[in-house]
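Just follow the structure's listing: the first ligand is 1, and inside any ligand the first atom is 1. All residue numbers in this chain count up from 1 along the given sequence.
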Amino acid sequence: MQPTELIWQNGEFLPWEDARVHVLTHGLHYGTGVFEGIRCYDTEHGPAVFRLADHLDRLERSAKLYYMDLPYSSEQLRAATHELIARNALRSCYIRPIAFRGYGQMGLNPLEAPIDVVIAVWEWGAYLGEQSKHEGVRAKVSSWERISPRSLIPHAKATGQYLNSVLAKIESLKAGYDEAILLDEHGHVCEGSGENVYVVRDGAIVTPPQTASILDGISRRSVLQIARDLGYTTIERDLARAELYHADEVFLTGTAAELVPVREIDDQEVGDGRPGEITQVLQRAFDEALHGRSERYMEWLDIVEVGERAGA
Ligand code: PPE
């Protein structure tokens with residue numbers, strides 16, 4: 001990864017290499033942290049963060065589910081994010097806010113451990129590779145089941161929960177695929193290791209509902225709205241595994257990945273093995289929204305005020 005100049009840690013702007021934690025940090029041992037992944041785009045209005053308020057809202061909600069009271073308000077984190085992007089003179093970047101149980105308390109009761117909050121920004125290119133956007137990825141249905149609400153909280157974006165995604169991702173890569181798709185205990189489709197998933201069949205866009213074990217993706221909300229605005233039928237319902245293979249088109253969305261077509265699942269071609277038409281229409285429209293080229297969705301962008309270092 002490409003370091004930038006500054007990282008925001010507990011209210012201070014520190015040089016990248018000085019943003020450190022103690023080895024006995026609670027979150028390192030027990031996965032007691034919550035985080036976000038956000039992107040900032042270089043638009044003609046300046047660097048613009050996509051749905052920052054919604055991401056910070058999700059961070060706060062994830063924290064609450066793990067009994068963490070964030071020591072900073074969303075408004076403070078928003079201001080810190082803006083200042084961090086400006087001071088690092090970035091036009092576009094990935095933004096990683098993380099809040100975790102810090103140093104001072106060991107054992108499974110984290111309630112006395114302090115809560116540390118960090119925001120880092122860096123340039124991060126196409127998550128699944130530049131080609132994936134145009135050609136689509138090859139996915140494997142994972143042998144690992146998506147975490148269940150009976151043991152964890154699928155709707156929380158919590159660090160420890162990502163061991164599930166990490167296992168699925170490694171398995172798919174070692175088997176020669178680009179990405180994993182996880183099912184739940186009933187065999188219903190949930191999502192990718194770091195993306196929501198959609199099937200297009202007979203012109204309708206189908207994706208698992210909120211009640212499935214998914215993360216309530218902010219790209220998901222955005223792409224569903226764009227699809228509806230374009231007049232497509234969108235359906236949120238349980239998806240059977242076979243529907244992946246029978247689909248005309250399949251695609252994934254996430255902040256890091258953006259919108260990526262799936263061209264093959266378990267060695268079965270999706271459609272004709274090339275990104276489908278509806279996928280491409282949505283990909284273009286989403287891209288326009290992300291990059292501030294769509295008047296209709298400008299309200300999703302939070303423009304960063306940059307000083308004289310802008311574009312430096
Ligand atoms: N599901 C999971 C499990 C997930 O991690 C993400 C985001 C999504 C769905 C899509 O959510 P949203 O970004 O709000 O549309 N994954 C983040 C982490 C990637 C990483 O490698 O770290 C991301 O895309 O930033």
Side-chain angles (χ1 to χ4, degrees), residues 1 31 33-41 49-62 65 81 92-98 100 118-129 132-133 137 139 142 144-149 152-170 172-173 178-184 188-198 207-210 212-227 236 239 250-260 262 282-283 286-287 289-290 297 300 302:
M1 86 188 290
V34 295
F35 70 107
E36 273 302 317
I38 314 170
R39 274 191 190 271
C40 171
Y41 292 89
V49 184
F50 189 68
R51 301 190 74 161
L52 179 56
D54 294 317
H55 280 282
L56 293 175
D57 182 58
R58 190 171 66 185
L59 182 74
E60 207 165 53
R61 288 167 187 276
S62 297
L65 291 168
T81 303
S92 63
C93 58
Y94 186 78
I95 306 162
R96 169 56 52 84
I98 180 166
F100 53 94
V118 173
I119 307 171
V121 292
W122 67 90
E123 289 183 64
W124 199 356
Y127 187 60
L128 297 173
S132 69
K133 290 259 176 79
V137 295
S142 185
W144 297 102
E145 204 171 280
R146 167 74 177 155
I147 52 169
S148 145
L152 281 167
I153 314 174
H155 283 73
K157 198 165 170 64
T159 59
Q161 300 190 166
Y162 273 80
L163 285 173
N164 178 235
S165 287
V166 165
L167 283 173
K169 183 76 187 185
I170 291 175
S172 68
L173 293 178
D178 306 307
E179 188 51 291
I181 294 176
L182 291 87
L183 311 179
D184 69 11
H188 291 140
V189 176
C190 294
E191 58 184 351
S193 72
E195 309 89 6
N196 291 111
V197 65
Y198 312 73
T207 195
Q210 282 301 335
S213 294
I214 62 168
L215 183 71
D216 175 12
I218 288 164
S219 320
R220 176 183 181 280
R221 289 185 220 163
S222 312
V223 168
L224 286 177
Q225 181 172 335
I226 290 170
E236 296 176 55
L239 267 176
V250 175
F251 64 89
L252 305 168
T253 68
T255 297
E258 298 173 329
L259 194 157
V260 173
V262 178
L282 292 176
Q283 191 181 40
F286 187 43
D287 221 50
L290 293 175
Y297 305 115
W300 284 341
D302 190 349

Enquirer: Measuring from non-hydrogen atoms of R221 to any atom of ligand 1, is the shortest distance under 4.0 Å?
Expert: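 No.
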Enquirer: Is there a side-chain contact between V223 and F251 (heavy atoms, below 4.5 Å)?
Expert: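 Touching, per the 4.5 Å side-chain cut-off.
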Enquirer: Tell me whether ligand 1 is touched by S193 - counting only heavy atoms on the residue side and a distance under 4.0 Å.
Expert: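 Heavy atoms of S193 do come under 4.0 Å of ligand 1.
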Enquirer: With a 4.5 Å heavy-atom cut-off, do K157 and L59 have their side chains touching?
Expert: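 K157 does not reach L59 side chain to side chain.
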Enquirer: Give me the nearest non-hydrogen protein atom to atom 8 (C) of ligand 1 as residue plus atom name, then the distance to 0.1 Å.
Expert: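 The protein heavy atom lying closest is G194 O, 3.6 Å.
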Enquirer: Could you check atom 21 (O) of ligand 1 against the protein and tell me its nearest heavy-atom contact, residue, atom and distance included?
Expert: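 Closest protein heavy atom to atom 21 (O) of ligand 1: Y127 OH, 2.5 Å.
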Enquirer: For I218, take its heavy atoms, then give the atoms of ligand 1 lying under 4.0 Å from any of them.
Expert: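 By the 4.0 Å cutoff, the relevant atoms are 12 (P), 14 (O), 15 (O).
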Enquirer: Going by distance only, is there an N or O of Y94 that falls short of 3.5 Å from an N or O of ligand 1?
Expert: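 Yes; the residue has a nitrogen or oxygen that sits under 3.5 Å from a nitrogen or oxygen of the ligand.
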Enquirer: Do N196 and I214 touch side chain to side chain, with heavy atoms closer than 4.5 Å?
Expert: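 SC-SC contact between N196 and I214 confirmed.
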Enquirer: Mind checking whether Y94 and W122 have parallel, tilted or perpendicular rings, split at 30° and 60°?
Expert: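 Aromatic pair Y94/W122 classed tilted.
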Enquirer: Nearest protein heavy atom to atom 24 (O) of ligand 1, by residue and atom, and its distance?
Expert: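 I find the closest protein heavy atom is A256 N, 2.8 Å.
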Enquirer: Using side-chain contact (heavy atoms from CB on, under 4.5 Å), reason through L128 and D178 one step at a time and then give a plain yes or no.
Expert: CA-CA 7 Å; L128 297 173; D178 306 307; 5.5 Å; no
Enquirer: What residue and heavy atom of the protein are closest to atom 15 (O) of ligand 1, and at what distance?
Expert: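 Heavy-atom neighbour on the protein nearest atom 15 (O) of ligand 1: S219 OG, 2.5 Å.
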Enquirer: With nothing but distance in play, are any N or O atoms of A257 less than 3.5 Å from an N or O of ligand 1?
Expert: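 Among all N and O atoms of A257, none is under 3.5 Å from an N or O of ligand 1.
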Enquirer: So F50 and T255, do their side chains get closer than 4.5 Å, heavy atoms only?
Expert: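 No, their side chains stay 4.5 Å or more apart.
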Enquirer: Hey, are the side chains of V137 and L252 touching, using non-hydrogen atoms and a 4.5 Å cut-off?
Expert: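 When only atoms from C-beta onward are counted, L252 and V137 do touch, with a gap below 4.5 Å.
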Enquirer: Closer than 4.0 Å to some heavy atom of G217 - which atoms of ligand 1 meet that?
Expert: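 With G217 as reference, the close atoms of ligand 1 come out as 11 (O), 12 (P), 14 (O), 15 (O).
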Enquirer: For atom 22 (O) of ligand 1, what is the closest protein heavy atom, and at what distance to 0.1 Å?
Expert: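 For atom 22 (O) of ligand 1, the nearest protein heavy atom comes out as R96 NH2, 3.0 Å.
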Enquirer: Which residue and atom name correspond to the protein heavy atom nearest atom 18 (C) of ligand 1, and how close is it?
Expert: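 Minimum-distance protein heavy atom for atom 18 (C) of ligand 1 reads K157 NZ, 3.6 Å.
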Enquirer: Go through ligand 1 atom by atom and flag the ones less than 4.0 Å from a non-hydrogen atom of E191.
Expert: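 Atoms satisfying the 4.0 Å criterion: 1 (N), 2 (C), 3 (C), 9 (C).
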Enquirer: Nearest to atom 5 (O) of ligand 1, what protein heavy atom do you find, and at what distance?
Expert: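 Checked against all protein heavy atoms, atom 5 (O) of ligand 1 sits closest to Y162 OH, 2.5 Å.
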Enquirer: With a 4.0 Å cut-off on N to O distance, would you call R58 and D54 a salt bridge?
Expert: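 A salt bridge is absent here (no side-chain N lies under 4.0 Å from a carboxylate O).
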Enquirer: Any atoms of ligand 1 less than 4.0 Å from a non-hydrogen atom of N196? List them with their elements.
Expert: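 In order of numbering, the contacting atoms are 9 (C), 10 (C).
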Enquirer: What protein heavy atom lies closest to atom 13 (O) of ligand 1? Include the residue and the distance to one decimal.
Expert: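 Result for atom 13 (O) of ligand 1: T255 OG1, 2.6 Å.
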Enquirer: Within the structure provided, determine whether H55 and I95 are in side-chain contact (heavy-atom separation under 4.5 Å).
Expert: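 They are not in contact (no side-chain heavy atoms under 4.5 Å apart), so the answer is no.
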Enquirer: If you measure from the Lys or Arg side-chain nitrogens to the Asp or Glu carboxylate oxygens, is any gap between E36 and R96 under 4.0 Å?
Expert: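 No, E36 and R96 are not salt-bridged.
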Enquirer: Quick one: does R146 get an N or O within less than 3.5 Å of an N or O on ligand 1?
Expert: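 In fact, backbone or side chain, R146 has no N or O that close.
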Enquirer: Could you walk me through whether E179 and V260 pass side-chain contact (heavy atoms from CB on, under 4.5 Å), step by step?
Expert: CA-CA 11 Å; E179 188 51 291; V260 173; over 6 Å; no
